[in-house]
Amino acid sequence: MRKKPRFHSLKKLKVRQDWSRWTLYNLSRLTPPNVTTKTYFQQKWTAKSNTRAYHGEQIREKQWKRMFRRNLPAVVPMDHKYLARYDGSEQAAGRGAGADTQEKTRTSPMTPYMQMTYYPMERRLDSAIFRALFASSVRQARQFVVHGLVKVNGKKMIYPGYMLNPGDMFQVVPESVMFATGARKTQSSRARRMAERFAKARAEVLAQRTPTKIPSIKVSLLSGSTNTPSTTQSPTQPSPEQVKKSLQTLMEDVEGVLVEDIKAKDKQKLRSLRQTIKKAISVWKTGTEETISTLDSQLSFLKSRLVKQPTSSSSSSPADSEATLTKEEQTKLTQAFDRLKEAADYNANWNKRDPRKPYATPWRSRDYMPAFAFIPRYLEVNQNVCAAVYLRHPVARPGLSEVPTPFGVETGQLAFNWYLRRR
Amino acid sequence: MMLPRLRTSNVPPTLTSCPAIRPQPLIHSPRISREFSQTSCQQATLRRRKFYEWLNGPGAALRHPLPGSTNYLGAYDRFGNLVRARPGWQRKQNAEAEAANTEGEVPKGGEGTPEAQEAVDELEMSVRREEEQKKTEGNQDEDKLPPETAEDLRPFPLNKYFRSQPVLSEELREAIYQRVARDGASVSLASVEFGVSNERVGAVVRLKQMEKEWIAEGKKLAAPYSKAVLEMLPTTPYIDPSRPENKGKRPITHEAINDLIVHPATRQQLFVPVSESRQFTRVDAGKAFDNNLLPADERIPHPELVLAERELVSGLSFQERKNLAEERIVKQQEKKKEEQRRREELKKVQTVSGRRWDFVFQDVSVENVGRDGRSPKGVGWRYGFPHEDRKKGQVKIPTKVEA
């Protein structure tokens, strides 16, 4: 049996529709087509072969030929002010009598029709999922569809070749999106090795600076633990930024000290301190699940909290300063706490470590994703729910084409000519 | 090779000769050739060595997101230097960058001056806005990157006609949703106000609605993913007019809202002899191409803008213009209502409720079978017409899904 050719070959320069390092490397090596030494047929053939390796290589050639259209869509942005002031007759007025404009009118940039050859491919469900950044390759997007993880207009759609109509909404299961776009989970053996190396390095660092660092932190912390109630009740009003920063640094310090080796009693104290700080933060965390639905309700909720809180000790810092604060300062304060709450919430709820997940947790984007991250204008994506709307078919406009293709205009033109079937 | 984008100050001593970025040691299999093996050669060939050289050298910058910026191939030169960065610029560590990021977030929304929104052309506008930004914060601090130019937004360096265009920021989406869902503004009004196309306004509202429903149901959102992706992409910020620092600023236009679709009839060149004395307007030009072709004023998505501008030019007072606009809106709503009523009437006629069943009447025509007589819309068993739906090669993919 003949060996299957490599999908990512270094020998044959083929750019594929995925986010791999091979693709990135090939993108950097891509050159304009050689037109000097090749016949026209050869040029067209190579252009076709290269572009088809990128655009829908999972589709058979015959299927693509059926999809191919000679008419390429384009738009021209119009200025409504011009349309209102002129009726168009001024462009030809007096031409026959010899009137001619001397100064050259500004020409708009070329409309790259030839980059639009593969626009029907972008209508396919699988490539739309890839373009919306829900999958790391078209083949993966196709797999999502086939496995029933994709809905179109709220109904399960299992055909990757479904041609989206303008206005169609498609959604992918968020877990699969996080898996597709997230960093890979490391193997447990490798993770163990890494952890060992990391621990060793940290032990070395600690051995160098234990005598100086721990006492200083302890002093600041202990003073902090005794002082938290008193400082908050004192008349000096901490600015919201200060409150936020101090709380955060406190938390970090506590956590930093807890991992190091210290006496049991100190540890207990530190733990209790951590509890109090956490409580201060969590006051803002509780009850948000229901009220988060709109920004307004959230704000009003915070305000009500502010009014309710003045007697409680755990979060008295914003509360008792509230009595003397102006409205502007108050809003600043709420904003600061909002941000604080958001950060705490985010790490606690959304992005925590979870070994059951098929991707590396806490979630981070996979390698080389930023180099491929763009969303064309014919899609409107909501990343929170992993859903997108196919607004319209991709179009060309002066100076821009909406079909993402890694090849230049010359290649696009040659490929288009190939499919015109006059060779 | 990538197109060489060079800036003389940036070109370093050749990166590839640096001992730190030597290629990774690869596994050398002891056997040189395995005659009957199907697996491909595992040796480190020259190509492979070069590949890893590139990955560890110039390609290393593309591995992780650049904090507070996009990170595309087009922004780098052949040696992996960020072209727009100043000579002394260094990539920050993650923690530092995050701190800088949160500080940098606040002024981001406030940028974009009124002058920057005048331009018609989108590209020009963004470039101008960036220049404006550059001027204001050009000499702030060394570590901060200047904003991207159009060239830096190219994910594919060879394709000059494609660049990563900004997406709506979270705040802008929320603002659009609030404007339409809470304030009850019409889609076209919101479109004009935010500089976002009609379809996009509708889509944003639909998606936001879904998001709110998810939150109400307690479903888990893909928050980390959303955060990471929106940081990687260029975004159109929202200028909140209620804020004091945004006074006098107009919203940043996201996209051109009056796009005229190029009609297939106008693709050909046409020579129409016209007498000199004749006023040959857009309407006539449209007729010359195709008898049913309307002029551009009526084919653009926002014809009401043209009408309003025309009234302004004709010198009507503000009150008169307002009255006219209101009249137009009322007329439009009446028309819509009328259509709705007619549709409902049609529906009523078509179903007659019986004692146990509803009788549904459908329009049936012989023409429904289509030109080749094979359309499934035709009714009844047609003599000599075999059903082909079980045959090989019949496509059964649906062509539309009802929303």
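Each chain gets a letter, A, B and so on, in the order its sequence line appears, and its residues count up from 1.
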Run the side-chain donor-acceptor check on residues 403-411 of chain A: report pairs under 3.5 Å with partners two or more places apart or on a different chain.
unit_1	atom_1	unit_2	atom_2	d
A:T405	OG1	A:H55	NE2	3.2

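Among A:E402, A:M178, A:M157, the residue making the largest number of heavy-atom pairs under 4.5 Å with chain B is A:M178. The residue among A:N384, A:V389, A:L391 with the most heavy atom pairs within less than 4.5 Å of chain B is A:N384. Of the residues considered (B:L66, B:L260, B:V229), B:L260 shows the highest number of contacts with chain A, using heavy-atom pairs under 4.5 Å. Put simply, of B:A285, B:S164, B:P303, B:P398, the one with the most heavy-atom pairs under 4.5 Å next to chain A is B:P398. Of the residues considered (A:Y368, A:Y82, A:Y159), A:Y368 shows the highest number of contacts with chain B, using heavy-atom pairs under 4.5 Å. Between chain B and the options A:E175, A:Q171, A:M169, heavy-atom pairs under 4.5 Å are most frequent for A:M169. Contact count versus chain A (heavy atoms, under 4.5 Å) is highest, among B:T70, B:V313, B:L307, for B:V313. Heavy-atom pairs under 4.5 Å with chain B were tallied for A:M163, A:R364, A:Q115; the largest tally goes to A:Q115. Put simply, of A:R366, A:K155, A:E90, A:Q91, the one with the most heavy-atom pairs under 4.5 Å next to chain B is A:K155.
For A:Y54, there are no ring pair (Phe, Tyr, Trp, His ring centres under 6.0 Å) partners two or more places apart in sequence or in a different chain.
Checked against the 6.0 Å centroid threshold, A:F372 and B:Y72 do not count as a close aromatic pair. Here the two rings, on A:Y359 and A:F179, have centers that are 6.0 Å apart or farther.
When heavy atoms are compared at a cutoff of 4.5 Å, B:R206 approaches chain A solely by way of its side chain, counted from C-beta outward.
Side chains of B:R154 and B:K160 form a contact here, defined as non-hydrogen atoms less than 4.5 Å apart.
One finds a salt bridge joining B:R282 and B:D297 here, because a Lys/Arg side-chain nitrogen approaches an Asp/Glu carboxylate oxygen to under 4.0 Å.
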